[in-house]
Amino acid sequence: MTAEPSATESRDFIREQIAGDLASGVHEGVVTRFPPEPNGYLHIGHAKSICLNFGVAQEFGGRCHLRFDDTNPVKEEQEYIDSIQEDVRWLGFDWGDNLFYASDNFETLYTWAEHLIETGNAYVDDLSADEIRAYRGTLTEPGRNSPYRDRTPDENMDLFRRMRAGEFDNGAKVLRAKIDMASGNINLRDPVIYRILHAAHPRTGETWCIYPTYDFAHGQTDAIEHITHSLCTLEFEDHRPLYDWLIEHLPVPSRPRQYEFARLNLTHTVLSKRRLMQLVSEKRVAGWDDPRMPTLSGLRRRGVPPGAIRDFVGRLGIAKTNSTVEMAYLESCMRELLNKTAARRMAVLRPLKVVIENYPEGDGELLEAVNNPEDESAGSRQIPFSREIYIEQEDFMEDPPKKFFRLAPGREVRLRYAYFITCTEVIKDEAGNVVELRATYDAETRGGDSPDGRKVKATLHWVSAAHAIPAEVRLYEHLFDAPDPGAGKDGDFLADINPNSLEVLNDCWLEPALGDTSLDETVQFERLGYFCPDPDGSAAKPVFNRTVGLRDNWARLQAKGQQNG
RNA sequence: UGGGGCGUGGCCAAGUGGUCUAAGGCACCGGUUUUUGGUAUCGGCAUUCGGAGGUUCGAAUCCUCCCGCCCCAGCCA
């Protein structure tokens with residue numbers, strides 16, 4: 001794919017830094033990496049990092065690696081390794097041959113741990129996890145040295161080798177870097193760099209029973225891959241001194257630098273792995289790819305084009321201020337792209353039958369409809385028309401308020417690409433509900449234009465009853481009512497779940513052309529919104545998901561009217 | 001109370017001492033166009049840059065102090 005021009009001319013501080021490093025000769029090229037831990041599915045927050053890392057590499061003619069930060073086998077799974085690759089590719093990025101795993105370097109990392117021991121910069125500690133915590137001090141009080149801190153290099157080496165050999169149980173011992181227990185930066189208070197974990201690793205199996213921690217793996221792996229600019233989020237800012245310390249004290253082949261930017265937060269959803277995991281495991285949603293989820297797989301199933309996500313992330317920019325972006329911004333990016341690319345189709349979600357009494361019984365015809373008014377090359381299609389059609393229930397009102405332009409008794413409206421019709425009769429059931437309409441059509445208005453130039457205030461979408469395909473349509477709203485789930489009372493984000501985030505409509509009718517929609521295509525249902533087929537559907541009964549609705553001024557007007565009484 | 005960051009309109013975000021009585025986008029309000037109450041288009045929307053002092057002919061940009069918010073006490077990443 002090609003790099004897309006950024007919304008603004010200016011560069012963010014990271015691109016500024018890279019451009020400067022290239023100009024001054026500090027680096028001859030740029031190498032970045034996207035380093036997910038395979039312990040969950042990627043979400044739109046990761047998209048920001050993916051677009052940054054791959055985007056920067058493209059813009060400066062460098063490369064970007066996909067590297068799995070797989071240092072904790074108790075949380076990581078092959079399923080996640082697979083889904084992450086699929087999602088990054090779907091988003092539109094290609095790592096070529098540069099697929100790596102931190103675990104590729106376990107042997108090297110082990111060697112470097114021994115190097116630290118030899119140089120007196122690491123020691124084996126027998127303290128328990130609780131004791132280590134107690135010795136660590138607090139945010140305001142310095143820590144105390146472990147009684148095992150002064151073991152000799154020989155003793156440490158022996159113990160560390162026995163740790164690797166599997167002589168000790170989980171948690172019995174750890175390897176710690178010997179830095180400064182009094183540091184104001186807690187990451188420097190002798191951080192644990194190796195722990196005993198008798199657990200099978202998705203890549204290395206049973207080979208290891210000790211695993212490096214994030215801090216001992218990340219920077220070194222960057223160095224091994226010759227990463228020039230290691231981009232991560234703000235919470236790692238105070239890990240940078242440790243990152244640098246390790247680079248300085250180890251015989252690494254290159255000297256990468258870490259830069260931090262603010263992670264993405266979005267209103268009306270959650271983006272923490274813990275919470276997403278909880279939604280899935282407690283079955284609050286149908287799975288990681290539930291269309292209401294902010295995961296890339298969820299957005300994909302919802303019909304959001306990857307280009308809309310790239311555009312969104314690009315427009316936000318990169319900075320260091322914590323920010324929460326309104327969901328409306330994302331939705332706006334979806335609409336903007338989809339408006340230009342999505343094929344127009346007609347579908348009736350809540351059908352109301354209309355019988356056109358002066359249209360010959362048994363007759364029918366094909367009418368031409370434009371596929372996309374924004375894109376002439378999309379061509380046109382034929383839509384069947386006949387005596388009985390369905391229109392949207394909300395497009396008719398028996399006793400309309402002044403601003404309602406749609407169908408009403410005695411009123412004439414246009415059926416898109418078809419004819420002008422006039423409502424002549426309202427048929428109700430015993431309960432008084434409108435169940436059917438009678439109408440007449442003007443044969444002179446075929447295609448939707450009146451030869452006498454008379455105007456009509458509304459154009460309705462419709463579907464021929466005899467030709468329509470029955471379908472299920474799923475309407476989605478924000479997964480959470482609250483802009484910031486869990487911000488209220490007890491911090492219980494589940495309490496903010498929107499009980500109406502999914503509405504299933506079972507009696508929908510689609511124009512015939514919709515039967516050919518491919519699974520990865522998002523179309524516009526005219527006047528309603530953008531929709532895409534869901535894999536749950538079948539040829540006989542397709543299922544469509546609403547990606548995002550069209551902007552709806554009428555709905556807004558109504559809402560205002562209700563507000564004002 | 002230790003360390004590290006950040007504070008520009010409702011939400012993002014440019015701005016790196018004069019061209020800033022502060023760009024752009026989203027949202028919002030209003031007009032025009034329209035066979036989608038969609039799209040497009042036009043106009044409106046911060047005399048002010050967390051606050052107070054100071055330096056300077058001149059500050060959102062430099063200095064000082066203050067205030068607010070975020071992150072860190074996993075053998076998670």
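Residue numbers begin at 1 in each chain, while the letters A, B, ... track the order of the sequences. Note that these values count all heavy atoms, side chains included, but never hydrogens, waters or copies made by symmetry.
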Could you tell me the Watson-Crick or G-U partner of [N], where both distances fall under 3.5 Å? Say none if there is no partner.
{"N": "B:rU56", "value": "none"}
{"N": "B:rG17", "value": "none"}
{"N": "B:rG2", "value": "B:rC72"}
{"N": "B:rC45", "value": "none"}

**Counterpart residues, salt bridge (Lys or Arg N to Asp or Glu O under 4.0 Å), relative to A:Arg556 (two or more places apart)** = none
**Complete:** A:Arg381 meets the salt bridge (Lys or Arg N to Asp or Glu O under 4.0 Å) criterion, sequence neighbours left out, with A:Glu511
Under-4.0 Å side-chain N/O to phosphate OP1/OP2 contact, [X] with [N]:
{"X": "A:Arg136", "N": "B:rC75", "value": "yes"}
{"X": "A:Arg11", "N": "B:rA14", "value": "no"}
{"X": "A:Arg176", "N": "B:rC75", "value": "no"}
{"X": "A:Asn553", "N": "B:rG38", "value": "yes"}
{"X": "A:Arg556", "N": "B:rC28", "value": "yes"}

What integer number of Å spans the [atom1] atoms of [N] and [M]?
{"N": "B:rA27", "M": "B:rC11", "atom1": "P", "answer": "15 Å"}
{"N": "B:rA73", "M": "B:rG4", "atom1": "C1'", "answer": "14 Å"}
{"N": "B:rG30", "M": "B:rC6", "atom1": "C1'", "answer": "37 Å"}
{"N": "B:rG7", "M": "B:rA52", "atom1": "C1'", "answer": "16 Å"}
{"N": "B:rC67", "M": "B:rG50", "atom1": "C1'", "answer": "7 Å"}
{"N": "B:rG43", "M": "B:rU61", "atom1": "P", "answer": "32 Å"}
{"N": "B:rU47", "M": "B:rA59", "atom1": "C1'", "answer": "15 Å"}

Spell out yes or no: do the side chain of [X] and the base of [N] have one donor N/O and one acceptor N/O closer than 3.5 Å?
{"X": "A:Asn185", "N": "B:rG4", "value": "no"}
{"X": "A:Arg335", "N": "B:rU39", "value": "no"}
{"X": "A:Glu260", "N": "B:rG4", "value": "no"}
{"X": "A:Glu141", "N": "B:rU1", "value": "no"}

**Contact residues, residues 67-76 of chain A to RNA chain B [heavy atom, < 4.0 Å]** = A:Asp69, A:Thr71, A:Asn72, A:Lys75
Regarding [X], tell me which of base, sugar-phosphate or nothing describes its non-hydrogen contacts under 4.0 Å with the strands shown.
{"X": "A:Arg414", "value": "base"}
{"X": "A:His218", "value": "nothing"}
{"X": "A:Leu316", "value": "sugar-phosphate"}
{"X": "A:Tyr417", "value": "base"}
{"X": "A:Glu37", "value": "sugar-phosphate"}
{"X": "A:Val174", "value": "base"}
{"X": "A:Ser183", "value": "nothing"}
{"X": "A:Pro373", "value": "base"}
{"X": "A:Arg344", "value": "base"}
{"X": "A:Ser332", "value": "sugar-phosphate"}
{"X": "A:Phe236", "value": "base"}
{"X": "A:Ile318", "value": "sugar-phosphate"}
{"X": "A:Tyr135", "value": "nothing"}
{"X": "A:Gly171", "value": "base"}

For nucleotides 5-9 of chain B, give me every protein contact, N/O to N/O, under 3.5 Å, one pair per line with atom names.
| unit_1 | atom_1 | unit_2 | atom_2 | d |
| --- | --- | --- | --- | --- |
| B:rG5 | O2' | A:Glu237 | OE1 | 3.4 |

**Request:** Using the ring of A:Tyr419 (Phe, Tyr or Trp, six-membered ring only), decide whether A:Arg414 places NZ or CZ under 6.0 Å from its centre and within 45 degrees of its axis.
**Result:** no
**Request:** Establish, for the pair A:Arg335 and A:Tyr530, whether the NZ or CZ atom is under 6.0 angstrom from the six-membered ring centre and no further than 45 degrees off its axis.
**Result:** no
**Prompt:** Has A:Arg263 got more than 12 heavy atoms of other residues, nucleotides or ligands less than 6.0 Å from its CZ?
**Reply:** no
**Request:** Kindly say whether A:Ala262 contributes a backbone atom to a donor-acceptor pair with the side chain of A:Thr233 at under 3.5 angstrom?
**Result:** no
[X] side chain, from C-beta outward: closest of [options]:
{"X": "A:Lys560", "options": "B:rC29, B:rG10, B:rU39", "answer": "B:rC29"}
{"X": "A:Ile132", "options": "B:rU36, B:rC75, B:rG25", "answer": "B:rC75"}
{"X": "A:Arg133", "options": "B:rC75, B:rA27, B:rG74", "answer": "B:rG74"}
{"X": "A:Ala319", "options": "B:rU36, B:rA14, B:rA27", "answer": "B:rA14"}
{"X": "A:Phe404", "options": "B:rG4, B:rC26, B:rG37", "answer": "B:rG37"}

Residues two or more places apart in sequence or in another chain: which of them pass ring pair (Phe, Tyr, Trp, His ring centres under 6.0 Å) with [X]?
{"X": "A:Trp245", "value": "A:His249"}
{"X": "A:Phe216", "value": "A:Tyr194"}
{"X": "A:Phe404", "value": "A:Trp554"}
{"X": "A:Phe100", "value": "A:His65"}

**Prompt:** Within the stacking criterion (centroid distance below 5.5 Å, interplanar angle below 30°), does A:Tyr214 stack on B:rA77?
**Reply:** no
**Request:** Using the six-membered ring for Trp and the full ring for Phe, Tyr or His, decide whether A:Phe405 stacks on the six-membered base ring of B:rG37 (centres under 5.5 Å, planes under 30°).
**Result:** yes
**Message:** Angle between ring planes, A:Phe493 versus A:Phe480, binned at 30° and 60°: parallel, tilted or perpendicular?
**Reply:** tilted
**Fill in**
Closest non-hydrogen atoms of A:Gly448 and A:Phe420, given as atom of the first, atom of the second and distance, are O-CE1, 3.4 Å
**Fill in**
Regarding B:rG74, purine or pyrimidine glycosidic angle vs 90° from 0 gives syn
**All side chain to side chain contact (heavy atoms under 4.5 Å, CB included) counterparts of A:Asn322, not counting sequence neighbours** = A:Leu234
**Asked** Where each residue is assigned the nucleotide of RNA chain B containing its nearest heavy atom, which of A:Ile186 and A:Asp12 is assigned the position nearer the 5′ end?
**Response** A:Asp12
**Asked** If you pin A:Thr213 and A:Leu330 to their nearest nucleotides in RNA chain B, which one's is more 5'?
**Response** A:Leu330
**Asked** Checking side chain to side chain donor-acceptor pair (under 3.5 Å) for the pair A:Arg416/A:His461: CA distance, chi angles, key distance, verdict?
**Response** CA-CA 6 Å; A:Arg416 177 140 237 226; A:His461 61 274; over 6 Å; no
